> 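A single structure is presented below for examination.
In this text the structure is predicted, and so the values were computed from the model without any measurement.
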Amino acid sequence: MKALHEVLERKYGDSPERVLQFGEGNFLRGFADWMIDCANSESGADGEKAAGAYEGSIVLCQPIRQGMGEIINRQKGMYTLLMRGRENGVAREEAAVISSVSRCINPYEDYDALLAIARSPELQVIISNTTEAGIAWQDGCALTDAPPASYPAKLTAFLYERYTAFGGSAESRLLVLPVELIDDNGSTLRHLVRRHAEEWQLPEGFLAWLEKHVSFANTLVDRIVTGYPREDIAAIEAGLGYTDDLLVTSELFNLWVIEADAAWGDVLPVGRANPDASSKPSGGVRANVIWTDNAAPYKKRKVRILNGGHTSMVLAGYLAGHDTVLDCMQDATFREYLRRLLFDEVIPTLDLPREDLEDFARSVIDRFDNPYIRHRLLDISLNSCSKFAARCVPSLLAYREATQKLPDLLVFSLAAFMAFYRGTLRDGTYTGVRPDGTVYEIRDDAQVLAFFDSLWNGPVGKDPQALVAAVLARSDFWNGQSLLDVPGLVEQTAAHLRQILEQGDMRRSVAALLQ
C-alpha cells in the first residue's frame, strides 16, 4: 500500500501558520490539532466553507532534541485520528485525516526557524504539552542559549524576540494555552516566564507587554488518547487503504475548558461548529470547547465524577474478581453501583446545572464502557490513598453537610479501599490476596504501606471498628483533617468493612448494598 500522504491531498496545511505548538506527541495530535482541523473544515448548508470558519495551520516544535519531526515532515504533516468508543450506549468508531499541520521544526538543529515564527505577524496562539514536569523552573537557562533548556525559558526567549520585532505593539498579542496536567497551568507558566525575564534583566517594557498583550490561560483537558495501535495496525491500515506511521487512536469524548476572555474564541474558533452544517466535521464527532472566566467548577466536576467514579469503583471491582474497568461495566451490579453513586451521591454536591452534570455523568459511564480501551484496575489503584482523599472524600463530606446523612455508597467505597489495602509487607513489597487467590501488589507511598501493614497485621486487624478509627484519625491522609469527627462515619464504615470481611465475596456485598 501507498502511504497516506501519497494518496490523499493536504487540505489545510498551507494556510497561514497561526498556531505554534510546543509538543508533537500523541495527545496534542489527537486533541488540539484535531479540534483545529475541525474548525478548518466547517462547512455551511450548501457545502461551502462557513462564514467565519477558521483558516489557519499549526507549526509544531519539538520540545526536546529527539522527537517525531522527521516523520511528521515526511508525511507532510498529515496523519489519521481513529476515534473509538461508546456514545449513548452504542459502540462506534470514526476516522479523520488531520491535515492542518504545516511542518515540524527541531529547535536544537534550527533555532533560527523557531525565532522566525516569533517575528511572524500571522501568529496568534501558542499551545504546549511538555508533560507536567515541563512547566517547572530550571536553573542555568540563559537568553543566549540556542535554545534554552526548559520550556518556560524557551518561551521567554521566544516572547522577547516577538516583543523586540514588533516593538511591543498590540498587533503582536498572543494567547498561550498550556495543556500540561497541573493546577493553574497558565498562571504557573506566566509566573515562570516573568521570573526568567527578571533574572535575565529584560526591559520593563517587555514585562508590561507580557501583562497587557499576552494572555496565559488556565486550561482543563479531557480525552483519552491511546496512541499508535501497534497490535492491530495492519487491520486498521487495510481498512483505510493506506499506511500511516503517525496514526493515533483516541476515545470519542473530548473536552477543552479554557479560562480566558471569550473574545479569544473568535481568534481560535475551536468548538464553534455551525449548527446549520450539512455534514459534521471529522465524521460526526464534535469538538467540545468551553470558554469561561472560571474553570474551577469544571475541574471539580471532572475530579468528583470521572476520577472519583474510577476510585470509588475500581478497588471493590478488583476484589470482586474483575481486572479492567470494562469488566466492571459489563457486570450489571457494578454498573448500577457506579450509576447510583454518581447520580445520587456525587452530583448533588456540585454547583453546575443538574442537567449538565447528568450529561457528563452519562458520558463517563459510556467512557468506562469503551470496548476499545483496557484500563487495568491495578494500574488505576496506584496511590489510592491520596486519590481517595482528593477525589472522593470531598463528595462524602459535602453530602453529609448538605443532608445531615452519610452517603452510603461512598462510605462503602471507603471500606472497600481499606479492604484492598489488607496485605503483608515483605522486602519492601506490600501484597494482598483477593478472594479468588490472586496475589496482587498494593502500590503507594512507603509510609502509607507501612501504616496499613501495622494495622492489618497487628491487634486492631481483628477489630474493624478500631482499624477504621485508626485510618480516619490520620489527618495527613485526609487533606489535613481527621475524619473521626464526622458523625457516624467510623461506625458505618466499620459495618461495611466487617460485612466485606465476613462475606468474603465483594460482588455479593455490592449487590446487597444496592437492595
> Thr349 and Ala398: which non-hydrogen atoms are nearest, and at how many Å?
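Nearest pair, atom of Thr349 first, then Ala398: CB-CB, 3.7 Å.
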> Is any side-chain N of the basic residue among Asp222 and Arg367 closer than 4.0 Å to the acidic one's carboxylate O?
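Between Arg367 and Asp222 there is a salt bridge, with a charged N closer than 4.0 Å to a carboxylate O.
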> Looking at the rings of Phe368 and His375, which for Trp means the six-membered one, are their centres under 6.0 Å apart?
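No, too far apart.
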> To check you understand the geometry: which heavy-atom pair defines the closest contact between Ser395 and Val346, and what is its length?
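Heavy atoms of Ser395 and Val346 come nearest at OG-CG1, 3.9 Å.
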> Give a yes/no verdict on a cation-pi contact between Arg173 and Trp209, requiring under 6.0 Å between NZ or CZ and the six-membered ring centre and an angle within 45° of the axis.
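No, Arg173 does not sit over the ring of Trp209.
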> With a 6.0 Å cut-off on the ring centroids, do Phe451 and Phe477 count as close?
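Between Phe451 and Phe477, the centre distance is under 6.0 Å.
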> One thing to verify: whether Asp14 and Arg10 come together as a salt bridge, which I'm taking to mean a side-chain N less than 4.0 angstrom from a carboxylate O.
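A salt bridge links Arg10 with Asp14.
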> Salt-bridged, Arg103 to Glu17, with N to O below 4.0 Å?
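A salt bridge links Arg103 with Glu17.
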> For Tyr228, is the NZ or CZ atom of Arg230 found under 6.0 angstrom from the centre of its six-membered ring and inside 45 degrees of the ring axis?
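Geometry flag: not set, cation outside 6.0 Å or 45°.
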> Testing Leu175, Ile127, Asp33, Ile126 one by one against Val19 for a side chain to side chain contact (heavy atoms under 4.5 Å, CB included), which residue passes?
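Testing each of Leu175, Ile127, Asp33, Ile126 against Val19, the sole residue satisfying side chain to side chain contact (heavy atoms under 4.5 Å, CB included) is Ile127.
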> Decide whether a cation-pi geometry holds between Arg195 and Trp200; the criteria are a distance under 6.0 Å from NZ or CZ to the six-membered ring centre and an angle within 45° of the ring axis.
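Ring-cation test returns no.
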> Any carboxylate oxygen within less than 4.0 angstrom of a Lys/Arg side-chain nitrogen, looking at Arg119 and Glu161?
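A salt bridge links Arg119 with Glu161.
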> Honestly, is Arg29 close enough over Tyr79, meaning NZ or CZ under 6.0 Å from the six-membered ring centre and within 45° of the axis?
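Yes; both conditions hold, so Arg29 lies above the ring face of Tyr79.
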> Is the gap between the ring centers of Phe452 and Tyr430 under 6.0 Å?
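That pair fails the under 6.0 Å test.
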